[in-house]
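Start at 1 and go down the list; that is how both ligands and their atoms are numbered. What's counted below: heavy atoms across the whole structure, side chains too, no hydrogens, waters or symmetry copies.
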Amino acid sequence: MTTETQTVKLCDVESLTSGNITTADIDGRTIAYARIGDDWFAIDDTCSHAKVSLSEGYLEEDDLVIECPLHGASFSLETGEALTLPATKPVASHTVEVRDGEVFVTIEGTEA
Ligand code: FES
């Protein structure tokens with residue numbers, strides 16, 4: 001279980017083009033991260049409704065939302081909030097920073 005805040009490099013900016021989402025494994029925790037234009041977002045990859053990878057879902061760029069591939073619940077890429085049923089609980093969201101062409105995510109606190 002992760003208990004400390006940590007900042008780790010996800011990738012180089014050029015490695016992910018706009019409109020795409022992928023994952024990184026950070027100490028056993030799978031993070032889904034997306035690029036939309038020059039904005040980057042990171043949330044926990046596992047849907048809060050069942051154990052499905054959100055990164056395999058549908059990225060809705062205009063709304064900054066990822067739609068779960070199994071039952072279609074939508075989650076905010078900005079906050080991790082569950083926006084539509086059947087999911088009712090959020091997934092954790094994480095701060096992403098771009099520095100000198102590299103993308104970093106900060107994972108805070110204890111894993112839920
Ligand atoms: S597993 Fe994601 S909405 Fe059901």
Side-chain angles (χ1 to χ4, degrees):
M1 181 181 293
T2 303
T3 56
E4 297 175 3
T5 298
Q6 57 177 331
T7 299
V8 298
K9 180 181 172 182
L10 283 172
C11 64
D12 294 324
V13 166
E14 309 84 50
S15 68
L16 193 68
T17 55
S18 179
N20 287 290
I21 186 165
T22 189
T23 60
D25 189 55
I26 299 174
D27 288 347
R29 183 173 185 167
T30 306
I31 305 297
Y33 62 98
R35 178 180 184 179
I36 298 175
D38 288 328
D39 294 325
W40 293 76
F41 306 90
I43 59 174
D44 278 1
D45 186 49
T46 304
C47 183
S48 64
H49 182 237
K51 303 231 179 276
V52 169
S53 175
L54 291 174
S55 62
E56 294 175 10
Y58 311 99
L59 194 59
E60 297 174 9
E61 295 178 55
D62 291 345
D63 296 329
L64 303 182
V65 157
I66 184 77
E67 185 181 312
C68 178
L70 189 56
H71 304 120
S74 294
F75 293 86
S76 166
L77 291 170
E78 296 176 292
T79 66
E81 181 184 357
L83 301 172
T84 61
L85 295 172
T88 56
K89 296 178 184 164
V91 294
S93 63
H94 309 288
T95 302
V96 183
E97 289 177 88
V98 177
R99 285 185 242 137
D100 297 327
E102 298 180 325
V103 183
F104 296 86
V105 64
T106 298
I107 308 292
E108 297 195 19
T110 302
E111 186 174 338

Exercise for review: Might you confirm whether atom CG of D38 has over 12 heavy atoms from other residues, nucleotides or ligands at distances under 6.0 Å?
Suggested key: no

Check your understanding: Are the side chain of S74 and the backbone of T84 linked by a donor-acceptor contact shorter than 3.5 Å?
Key -> no

**Study point:** S18 side chain to G37 backbone, donor-acceptor under 3.5 Å
**Key:** yes

Check your understanding: Can you tell me if an N/O/S atom from H71 lies under 2.8 Å from atom 4 (Fe) of ligand 1?
Key -> yes

Point to revise | Under 4.0 Å to a heavy atom of A73 - the qualifying atoms of ligand 1, by number | key: 3 (S)

Point to revise | Of all N/O/S atoms in H49, the name of the one nearest atom 4 (Fe) of ligand 1 | key: ND1

Exercise for review: Count the heavy atoms of every other residue, nucleotide or ligand shown that sit under 6.0 Å from NZ of K89, and state whether that count exceeds 12.
Suggested key: no

Review point. At a 4.0 Å threshold, what atoms of ligand 1 neighbour a non-hydrogen atom of C47?
Key: 1 (S), 2 (Fe), 3 (S)

Check your understanding: Near C68, which atoms of ligand 1 are under 4.0 Å from a heavy atom of that residue?
Key -> 1 (S), 2 (Fe), 3 (S)

**Study point:** N/O donor-acceptor pair under 3.5 Å between D45 side chain and S55 backbone
**Key:** yes

